[in-house]
Amino acid sequence: MSPTPSSNGLNCHVLVVDDSPILRTAIKKVVKLAGVPEDRIFEAGNGVEALDVLETVWIDLVLLDLNMPVMDGEQFARELRNRPDLKDVAVVVVSTEANRERLERMKGLGVEHTLRKPFEPEALCRLISEVLGVKPA
Amino acid sequence: MSTDPTLDPNTLARLVVDALERTAFVLADPCNEPEQLPPADTFAQIDFSGPTQGSVELLASRAFAKNLAASILGTDASLVTDLQSEEALRELANIVGGSVITALGGSDCRFSLGLPRLGRAPATGADTTCVLDAEGERLEVHCHHARAA
C-alpha cells in the first residue's frame, strides 16, 4: 500500500544507509523535504547497522550507499532479499558506483532505482516520491 | 573500451566543479594563478581499480574544507568542526572518484572504487591535475590513472 500524505507528513519510514555522517545528514534533509517527518527518518553507517534498524523498526524505503566498510550495500541487499520478512522493502541505491557489472547485480537483487552521486536534491526528492508512489512535495 | 583511458585537465576540472555545485552549491573555477591561493593543508584520497589502477587525491585549504562542510550541512562555517570538515573532503573525494571512473570507463565501466581516506601526503607525478579557486580558497585535484592493473 502506498504511503498517504497527512497533516503530519508522509506516513512512511525511510532508512538512510551511508558511511559518511555528513552525507547522511544532507540526505536526511532531502528526505524531510520530500515530506517524510524527521522522526520517521532513520540512519545507519553500514549494512550491519542497517539490519539492526530493520529488526526494530518497519522501514518502507532504504536509501543505500554501496561502498561502505563492515558490510557494503551489495551484501546488505543480498541479506535483505534472503529474509522473508524484509525481502519486499524498497531499496534505492544512492552511490558513486559506476561499475556496470555491480549495478547489474543490484538489479538482480531487485534494486531498480539508482541515483548517482553527485545528484541534485530535487532528483532525490522526485525519486523518493516515485518509489513511494506519492506526488512530489 | 580502451584499456588506456585518458583524462585531460579541463575534463577533470569540469567533473570537480559539477560535483561541488550539485553536492554543496559551492562555486569554483579553474585557477591560472594558484600561487595566489592559500596553501593546501587538508588531504583526502580514493583509489580505484579495473582496466588500470589509479587514485584521485584532493588537496585543499582548511577554509575550503570548512566551507564545503558548511554548505553540505546548510549551516554557518563558524559552527563546523574539524571532523566535519574532514568528512566533507573525504566525501568529495568519493564523489569525484566516482565521476572520474565514469569518465574513464564510459557506459561499460569496469572500474571499482575503494573507500576514501584522509591524511596521506600527496603522491607526485599525477597524470592529470587541476587547481580550482573556490571563492578564494584552494582545491587541487590530482588523478593517477595510467598504472597497469
Side-chain angles (χ1 to χ4, degrees), chain A residues 16-34 38 41 43 45-49 63-76 93-107 114-127, chain B residues 1 14-26 44 46-51 56 65-66 68-75 80-81 83-118:
Chain A
V16 179
V17 189
D18 198 303
D19 61 327
S20 167
I22 197 166
L23 208 68
R24 287 202 303 271
T25 301
I27 291 174
K28 282 168 62 181
K29 283 189 175 181
V30 178
V31 175
K32 199 175 162 188
L33 281 175
E38 196 164 6
I41 307 170
E43 60 180 293
N46 58 59
V48 171
E49 291 181 10
L63 300 176
L64 180 67
D65 187 19
L66 287 182
N67 295 316
M68 296 182 290
V70 185
M71 179 188 280
D72 67 29
E74 186 178 348
Q75 292 172 307
F76 166 79
V93 167
V94 181
S95 173
T96 55
E97 184 62 55
N99 187 289
R100 186 182 58 77
E101 289 181 1
R102 194 177 197 195
L103 292 173
E104 288 294 325
R105 289 200 299 272
M106 292 304 292
K107 279 189 180 176
T114 299
L115 187 62
R116 288 284 314 282
K117 298 174 186 173
F119 58 82
E120 287 161 353
E122 294 80 5
L124 178 56
C125 215
R126 279 196 302 271
L127 190 51
Chain B
M1 193 191 84
R14 181 176 52 76
L15 295 176
V16 178
V17 167
D18 184 56
L20 287 169
E21 287 184 3
R22 289 196 191 202
T23 307
F25 304 109
V26 169
I46 190 164
D47 297 332
F48 59 83
S49 58
V56 175
K66 195 174 270 285
L68 177 65
S71 295
I72 292 174
L73 292 169
T75 189
V80 171
T81 65
L83 181 62
Q84 288 171 325
S85 298
E86 292 173 350
E87 282 174 5
L89 196 66
R90 186 167 52 190
E91 184 55 29
L92 182 62
N94 185 31
I95 292 170
V96 172
S99 298
V100 164
I101 63 170
T102 301
L104 293 173
S107 60
D108 186 32
C109 183
R110 290 181 287 141
F111 288 99
S112 295
L113 280 179
L115 294 172
R117 59 185 188 273
L118 291 168

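The chains referred to below are lettered A, B, ... by the order of the sequence lines, with proteins before strands, and numbering in each begins at 1.
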Closest approach of [X] to [Y] (non-hydrogen atoms, all atoms of both residues):
| X | Y | answer |
| --- | --- | --- |
| A:Arg100 | B:Ser107 | CD-O, 3.7 Å |
| B:Thr102 | A:Arg116 | OG1-NH2, 2.8 Å |
| B:Cys109 | A:Ala98 | CB-O, 3.2 Å |
| B:Ser99 | A:Pro118 | OG-CD, 3.7 Å |

Give, as side chain, backbone, both or neither, the part of A:Lys117 having an atom under 4.5 angstrom from any heavy atom of chain B.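 A:Lys117 touches chain B through backbone and side-chain heavy atoms alike.
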In terms of heavy-atom proximity below 4.5 Å to chain B, should A:Arg102 be classed as side chain, backbone, both, or neither? neither
For B:Ala69, which atoms come within 4.5 Å of any heavy atom of chain A: side chain, backbone, both, or neither?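 Both parts, backbone and side chain.
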Heavy-atom cut-off 4.5 Å, strictly under: side chain, backbone, both or neither for B:Leu115 against chain A?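 For B:Leu115, the side chain is the part near chain A, not the backbone.
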Take a 6.0 Å sphere around NZ of A:Lys32 and say whether it holds more than 12 heavy atoms from other residues, nucleotides or ligands. no
Measuring from atom [atom1] of [X] to atom [atom2] of [Y], what distance do you get when rounded to the nearest 0.5 angstrom?
| X | Y | atom1 | atom2 | result |
| --- | --- | --- | --- | --- |
| B:Asp108 | A:Glu101 | CG | CD | 8.0 Å |
| B:Glu87 | A:Asp19 | CD | CG | 10.0 Å |
| B:Asn94 | A:Leu23 | CG | CG | 8.5 Å |
| A:Ile22 | B:Glu86 | CD1 | CD | 11.0 Å |
| A:Thr25 | B:Leu73 | OG1 | CG | 5.5 Å |

Options B:Thr23, B:Leu113, B:Leu20, B:Ile101, ranked by heavy-atom pairs under 4.5 Å with chain A, top entry: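 Greatest number of close heavy-atom pairs with chain A: B:Leu113.
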